[in-house]
Q: 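I am attaching a structure below and will ask some questions about it afterwards.
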There are 2 protein chains.
Amino acid sequence: MNPTSSPRASGETLLFLTDEQLRQGIEAMFFAYRGFTADPDKILEEHGYGRAHHRAVHFINGAPGTTVNNLLNILGVTKQSLNRVLRTLIEDGLVESHVGQKDRRERHLFLTETGKDLEAKLTVVQQHRMRAAYRQAGPDAVSGFRRVLEAMMDPELLQAYSKLRQD
Amino acid sequence: MNPTSSPRASGETLLFLTDEQLRQGIEAMFFAYRGFTADPDKILEEHGYGRAHHRAVHFINGAPGTTVNNLLNILGVTKQSLNRVLRTLIEDGLVESHVGQKDRRERHLFLTETGKDLEAKLTVVQQHRMRAAYRQAGPDAVSGFRRVLEAMMDPELLQAYSKLRQD
DNA sequence: TTGGAATGTCAACAAGGCTGACATAAAATG
DNA sequence: CATTTTATGTCAGCCTTGTTGACATTCCAA
């Protein structure tokens, strides 16, 4: 049942994967993603926010001053959908929107101190779970995990992801 | 930047993971999950269905005759939410619901041939992407990927997942 | 300078979560 | 055996967050 316990041993170029093993991988992704979002969701609920707010706050934190257009490209939603979320975050004083100086059509987004506080709380619990998972899976598992995830991304998403990493 | 290029080499019991490395793992999960669902979503859209329909069809396929109650425990949604999805699938002739013979309160769920056809189409594209990702990441990566995912699940979800695997 | 493209906002709608109310059937209790 | 309690599933209505359409503002290029 181990994906590498195949006719060809680990380290070979070819993998022998049954449909059943792939099906298990699919279900593992589903269940793991649920666990991955469970802890932040609890905190968000206390504040009356949803996962959409988390995503916005997360990426604004990682790229302060980014524009609405940049953000919606990364998040993969429409600007109208993002706008509703941003409006509530701005009203609640977690995000500030500044008119661009070079191009006054653009709005540059920043987290306020309150916004940074929430972002930190959300990140802490998610990092905690990921650290625990890494520790439980062992050091050898971590790089494999990351390599598979990156290979599973759409090319344009991988590009966005890599860009975020190098900044 | 490699998560295992830490003061302690691979194979040790302790991991040295910076907050930044964990943050990258979080974003990798986000982008990878998007890629993971992208292909089925296209097919579903052609049929006027959403991800909720995919989940239902997937798990009914894996456990034919399962009850509504079983299904909503696995999916982690309310019965009311699941019911709406099931109703459309039944109306469209993809799922059949049979009153239980032992306990007539229960409804046992089965895929029709049409339902099996759609499930197969969805699974094929998702298996295709996962196979490609495994191949690209290499054989050593696969078991690590799976171990981290399983460690990231909530315990009760891990139990549900393991139960599905052994059946 | 003027027409088109880019950016962001407002309005209205759809999918899929949620709670509440309820019908039916089984089980427990008197 | 009758009646209350519990379990399962369905119907109705609400909220979040996705969608498209219409539009104001600003920039840029013809």
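Naming: A, B, ... by sequence-line order, numbering from 1 per chain.
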Q: Output the rounded distance in Å from CG (B:L72) to C1' (D:dA7).
A: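 Computing the B:L72:CG to D:dA7:C1' distance gives 12 Å.
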Q: Check the phosphate of C:dA25 against B:R107, side-chain N and O only, distance under 4.0 Å to OP1 or OP2. Yes or no?
A: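 For B:R107, the contact criterion (side-chain N or O under 4.0 Å from OP1 or OP2 of C:dA25) is not met.
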Q: Could you check which of D:dT17, C:dA6, C:dT9 has an atom nearest any side-chain atom of A:R105?
A: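 When the side chain of A:R105 is considered, C:dA6 is the closest of D:dT17, C:dA6, C:dT9.
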Q: Check if the side chain of A:R84 and the base of D:dG18 share a donor-acceptor pair of N or O atoms closer than 3.5 Å.
A: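 Looking at the base of D:dG18, it does pair with a donor or acceptor on the side chain of A:R84 (distance under 3.5 Å).
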Q: Once you round it to whole Å, what is the distance between P of C:dA15 and CG of B:D41?
A: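 Spelled out: CG on B:D41 to P on C:dA15 is 15 Å.
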Q: Looking at B:R87, I'd like to know whether one of its side-chain N or O atoms comes within less than 4.0 Å of OP1 or OP2 on D:dC11.
A: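 Yes, within the criterion.
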Q: Using heavy-atom distances to pick each residue's nearest nucleotide on DNA chain D, tell me which of B:E106 and A:T78 is more 5'.
A: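 Counting from the 5' end, the first nearest nucleotide belongs to B:E106.
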Q: Within the structure, does a side-chain N or O atom of A:R104 lie under 4.0 Å from either OP1 or OP2 of D:dT26?
A: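 For D:dT26, OP1/OP2 do have a side-chain N/O of A:R104 under 4.0 Å.
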Q: Between the base of C:dG20 and the side chain of B:Q80, is there a donor and acceptor pair under 3.5 angstrom?
A: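 A donor-acceptor contact between them is present.
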Q: Closest approach to the side chain of B:K79, judged atom by atom: which nucleotide of D:dT8, C:dC18, D:dG18 is it?
A: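 Looking only at side-chain atoms, B:K79 lies closest to D:dT8.
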Q: Expressed as a whole number of angstroms, how long is the span from A:Y49:OH to C:dC18:P?
A: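 Taking atom P of C:dC18 as the reference, OH of A:Y49 is at 21 Å.
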Q: Does A:N83 put a side-chain nitrogen or oxygen below 4.0 Å from OP1 or OP2 of C:dT9?
A: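 For A:N83, the contact criterion (side-chain N or O under 4.0 Å from OP1 or OP2 of C:dT9) is met.
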Q: Any idea how B:Y134 and B:F145 line up, ring-wise: parallel (<30°), tilted (30 to 60°), or perpendicular (>60°)?
A: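 The rings of B:Y134 and B:F145 stand perpendicular, inter-plane angle above 60°.
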Q: With A:T123, which of A:E119, A:K121, A:Q126 fulfils side chain to side chain donor-acceptor pair (under 3.5 Å)?
A: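 It is A:E119, the one option of A:E119, A:K121, A:Q126 that forms the side chain to side chain donor-acceptor pair (under 3.5 Å) with A:T123.
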Q: Between C:dG8 atom P and A:H108 atom NE2, what is the distance in whole Å?
A: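 Rounded to whole Å, this separation is 8 Å.
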Q: Main chain of A:D41, side chain of A:R51: is a donor-acceptor contact present, judged purely on distance under 3.5 Å?
A: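 Answer holds: no.
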Q: Please identify each residue that fulfils ring-ring contact (aromatic ring centres under 6.0 Å, His included) with B:H53, with sequence neighbours left out.
A: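 For B:H53 the ring-ring contact (aromatic ring centres under 6.0 Å, His included) partners, ignoring immediate neighbours, are B:Y49.
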Q: Using whole Å, what does the distance between atom P of nucleotide D:dA7 and atom CG of B:D103 come to?
A: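 Result: 12 Å.
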Q: Nearest-nucleotide wise, let me know which of B:L86 and A:G50 is further upstream toward the 5' end of DNA chain D.
A: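 Nearest-nucleotide comparison on DNA chain D picks B:L86.
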Q: Just the rounded figure in Å: distance from P of C:dA15 to CG of B:L44.
A: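 Whole-Å distance recorded here is 13 Å.
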Q: Using atom CD of A:E45 as one end and atom C1' of C:dT19 as the other, report the distance to the nearest whole Å.
A: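 From A:E45 CD to C:dT19 C1': 13 Å.
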Q: Is A:E150 salt-bridged to A:R146, going by a charged N under 4.0 Å from an acidic O?
A: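 Judged by the 4.0 Å cut-off on N to carboxylate O distance, A:E150 and A:R146 do form a salt bridge.
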Q: Rounded to the nearest angstrom, tell me the gap between atom CZ in B:R34 and atom P in D:dT17.
A: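 Rounded to the whole Å, the gap is 16 Å.
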Q: Looking at A:H53, I'd like to know whether one of its side-chain N or O atoms comes within less than 4.0 Å of OP1 or OP2 on D:dT16.
A: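 Answer no for this pair, as no side-chain N or O of A:H53 is under 4.0 Å from OP1 or OP2.
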